[in-house]
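The analysis underlying the following values was restricted to heavy atoms, covering all of them including side chains, and did not include hydrogens, waters or symmetry mates.
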Amino acid sequence: MGEFNEKKETCGTICLKYLLITFNFFFWLAGLAVMAVGIWTLIQKSDFISLLPSNTYAATAYILVIAGAIVMVTGILGCCATFKERKSLLKVYFILLLCIFILEVLAGILAYIYYQQCAPFCSQLNAELKQSLKQTMNTKYKQAGEEKVTNAVDKLQQEFKCCGSNNSEDWRDSMWINSPEAEKRLVPDSCCKTVTQRCGVRDHPSNIYKVEGGCISKLETFIRAHLLIIGAVGIGIACVQLFGMIFTCCLYRSLKSEPY
């Protein structure tokens with residue numbers, strides 16, 4: 001009877017091992033996906049991030065990159081711990097899973113909070129943009145040492161087909177527009193529907209983008225969509241990790257109960 005129970009426990013342990021190995025494979029892939037989302041946000045959208053006065057959006061992406069890298073290392077460690085059936089390694093693996101879980105939940109919550117604050121009339125992002133985007137465009141565009149901001153504004157206006165923070169008239173207060181370097185332009189050339197040299201001398205709707213809400217509304221919509229993606233990825237992977245922690249605990253207890 002005791003021999004039967006021992007075999008039953010061993011069979012259960014083998015099943016847990018294969019479950020945990022399978023989990024770690026998908027966990028490693030998930031870590032790669034999480035890190036890819038964070039890196040893509042930082043690289044592809046770094047220009048837009050530079051226009052934001054708050055670091056919350058960038059911080060969320062950095063958390064995902066760090067968490068993704070740790071997930072990949074942890075996945076390899078989990079496979080090693082499972083193959084060798086070392087309880088000490090399983091402890092370390094479980095602690096790392098818990099740390100990653102906390103990191104990803106934190107990233108998801110940050111993104112969700114920031115997303116919720118984008119709601120009309122109670123929007124942190126909207127308030128930040130209204131207070132700072134116009135000032136940034138007026139005081140830093142085409143100024144010495146502000147090439148990153150200049151490129152970001154040009155890319156923003158062309159990609160989102162908008163002109164000015166609230167509307168094209170915002171450019172009337174621009175330091176650059178009011179300087180001789182502007183060559184009598186009324187708006188930057190990036191406001192034009194078809195960009196040509198000095199096309200910004202005409203601010204007629206047939207020539208430049210006239211969008212209600214200006215670039216603020218466009219940028220807000222863009223960031224809200226991407227924060228939602230970041231938050232969903234972070235919390236989704238964190239939920240999957242719960243199964244990994246459960247499998248790890250079960251395997252640890254199974255190994256502990258086996259005879260040596």
Side-chain angles (χ1 to χ4, degrees), residues 39-62 114-115 117-230:
I39 292 174
W40 173 79
T41 301
L42 292 172
I43 293 178
Q44 294 295 323
K45 307 304 174 185
S46 60
D47 289 338
F48 298 155
I49 291 175
S50 67
L51 296 176
L52 297 175
S54 171
N55 294 322
T56 306
Y57 183 70
T60 302
Y62 278 117
Y114 211 58
Y115 176 84
Q117 289 174 335
C118 287
F121 308 113
C122 61
S123 168
Q124 176 185 346
L125 178 58
N126 191 276
E128 287 174 352
L129 291 177
K130 284 182 178 178
Q131 291 172 5
S132 68
L133 188 56
K134 181 178 179 179
Q135 182 179 2
T136 298
M137 289 180 168
N138 288 342
T139 61
K140 295 184 178 182
Y141 185 79
K142 292 285 187 180
Q143 300 302 305
E146 299 292 350
E147 289 79 11
K148 187 175 183 180
V149 171
T150 300
N151 292 333
V153 170
D154 286 338
K155 183 177 179 181
L156 176 69
Q157 295 189 142
Q158 275 296 297
E159 188 168 323
F160 293 146
K161 299 180 179 180
C162 57
C163 183
S165 55
N166 292 287
N167 52 60
S168 60
E169 293 182 1
D170 290 338
W171 285 109
R172 292 179 179 179
D173 300 323
S174 167
M175 292 173 59
W176 179 71
I177 289 294
N178 291 299
S179 69
E181 288 80 8
E183 298 178 337
K184 298 183 179 180
R185 288 179 176 86
L186 299 176
V187 293
D189 293 342
S190 57
C191 282
C192 300
K193 295 178 180 179
T194 302
V195 178
T196 57
Q197 185 66 23
R198 297 188 69 246
C199 63
V201 295
R202 291 181 61 247
D203 61 353
H204 192 271
S206 63
N207 184 50
I208 67 171
Y209 294 113
K210 294 277 190 178
V211 180
E212 184 178 351
C215 293
I216 285 179
S217 59
K218 295 280 189 174
L219 184 57
E220 180 184 349
T221 301
F222 165 81
I223 293 178
R224 287 185 68 189
H226 284 80
L227 283 173
L228 191 61
I229 293 172
I230 292 173

So does [Y] get a backbone contact from the side chain of [X], meaning a donor-acceptor N/O pair under 3.5 Å?
X	Y	value
Asp170	Asn167	yes
Gln135	Leu133	no
Asn207	Cys199	yes

task: If a pair satisfies salt bridge (charged side-chain N to carboxylate O under 4.0 Å, His left out) and one of its residues is in residues 137-147, list it, with sequence neighbours excluded.
output: none
query: What pairs meet the salt bridge (charged side-chain N to carboxylate O under 4.0 Å, His left out) rule with one or both residues in residues 193-204, with sequence neighbours excluded?
result: Glu183-Arg198
task: List for me each residue that meets side chain to side chain donor-acceptor pair (under 3.5 Å) alongside Ser168, sequence neighbours excluded, and say none if there are none.
output: Lys210
As an exercise, state the distance from [atom1] of [X] to [atom2] of [Y], rounded to the nearest 0.5 Å.
X	Y	atom1	atom2	answer
Thr194	Asp189	OG1	CG	12.0 Å
Lys134	Thr139	NZ	OG1	11.5 Å
Cys192	Gln158	SG	CD	8.0 Å
Cys163	Met137	SG	CE	8.0 Å
Tyr141	Gln157	OH	CD	6.5 Å
Ile216	Leu156	CD1	CG	10.0 Å

- prompt: Are the gamma sulfurs of Cys162 and Cys215 separated by less than 2.5 Å?
  reply: yes
task: Could you point out which residue of Ile208, Ile177, Asn178, Leu186 forms a side-chain contact (heavy atoms from CB on, under 4.5 Å) with Trp171?
output: Ile177
